[in-house]
Amino acid sequence: MHNILTKLLQKRGIESVNELDKDEKQDFESWQAVLNKDELTVEDIKKFCQGQVDVVSNKWADHNIDNDKKAQLIPYFVCYTTLLKAINSPKLARDSLEKNLNQLIQ
């Protein structure tokens with residue numbers, strides 16, 4: 001357990017993570033994962049970008065948001081989807097090549 005988290009639990013009179021409720025424990029584990037990680041992985045970036053794409057998509061589906069605000073989200077959507085495509089492009093190229101080579105073999 002990270003030292004900062006230990007101090008926080010102690011300050012709040014909590015001796016063990018097991019004393020936390022489900023939501024608190026989930027937050028704690030999330031904080032611990034962030035504090036223990038030195039660098040982002042490509043998978044972390046993919047998850048973040050996909051999360052942002054989902055946020056934008058949900059806002060576009062919200063009928064309470066006016067169209068001007070929805071239009072302002074387009075550059076964010078384009079940016080995050082472009083990043084995802086760039087990250088996934090080697091895999092997609094490999095999958096496409098494998099498919100083509102398999103067709104040549106048959």
Side-chain angles (χ1 to χ4, degrees):
M1 183 177 348
H2 199 274
N3 193 27
I4 294 173
L5 294 177
T6 303
K7 288 179 182 178
L8 177 63
L9 291 178
Q10 288 173 346
K11 180 179 180 182
R12 299 205 172 159
I14 300 170
E15 294 182 25
S16 170
V17 177
N18 296 329
E19 296 176 36
L20 302 174
D21 67 27
K22 180 182 175 185
D23 292 335
E24 291 171 333
K25 193 176 284 190
Q26 188 175 17
D27 286 342
F28 176 84
E29 290 169 356
S30 173
W31 295 344
Q32 189 170 9
V34 168
L35 291 171
N36 288 334
K37 190 171 253 189
D38 290 332
E39 294 181 2
L40 291 174
T41 64
V42 172
E43 193 61 33
D44 293 333
I45 296 168
K46 283 173 58 174
K47 286 180 184 177
F48 173 78
C49 289
Q50 186 58 57
Q52 295 306 302
V53 166
D54 294 344
V55 167
V56 170
S57 297
N58 289 336
K59 287 184 179 183
W60 281 343
D62 187 345
H63 298 291
N64 296 321
I65 297 176
D66 64 63
N67 287 335
D68 289 337
K69 292 196 185 250
K70 289 180 180 182
Q72 293 173 0
L73 298 172
I74 293 171
Y76 296 101
F77 184 83
V78 170
C79 177
Y80 291 123
T81 55
T82 301
L83 286 170
L84 284 170
K85 286 177 186 175
I87 291 169
N88 290 324
S89 65
K91 181 184 181 318
L92 295 173
R94 184 184 69 234
D95 291 347
S96 178
L97 179 59
E98 286 176 354
K99 180 180 176 184
N100 290 336
L101 291 174
N102 281 324
Q103 288 177 347
L104 292 173
I105 292 171
Q106 295 176 356

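Residues: numbered from 1 along the sequence shown. Treat the numbers as computed from the prediction; the structure is a model and nothing was measured.
Between Q26 and D23, some side-chain heavy-atom pair lies under the 4.5 Å cut-off. N3 has its side chain within reach of K7: a pair of non-hydrogen atoms, C-beta onward, lies under 4.5 Å apart.
The nearest pair of heavy atoms linking D62 to N64 is OD1-N, 2.8 Å. Across N88 and K46, no two heavy atoms sit closer than the pair OD1-NZ, 3.4 Å. Across E39 and D44, no two heavy atoms sit closer than the pair O-OD2, 4.3 Å. Nearest heavy-atom pair, D66 versus K69, reported as atom, atom and distance to 0.1 Å: OD1-N, 2.9 Å. Between S89 and A86, the closest heavy-atom pair is OG-O, 3.0 Å.
A salt bridge between K91 and D95 is present, with a side-chain N of the basic residue lying under 4.0 Å from a carboxylate O of the acidic one.
A perpendicular orientation is assigned to the rings of Y80 and F48, their planes being inclined by more than 60° (bins at 30° and 60°).
Taking a 6.0 Å sphere around NZ of K70, one finds it holds more than 12 heavy atoms contributed by other residues, nucleotides or ligands. More than 12 non-hydrogen atoms from other residues, nucleotides or ligands lie less than 6.0 angstrom from CD of E98.
With 3.5 Å as the limit, one finds no donor-acceptor pair spanning the side chains of S57 and D54.
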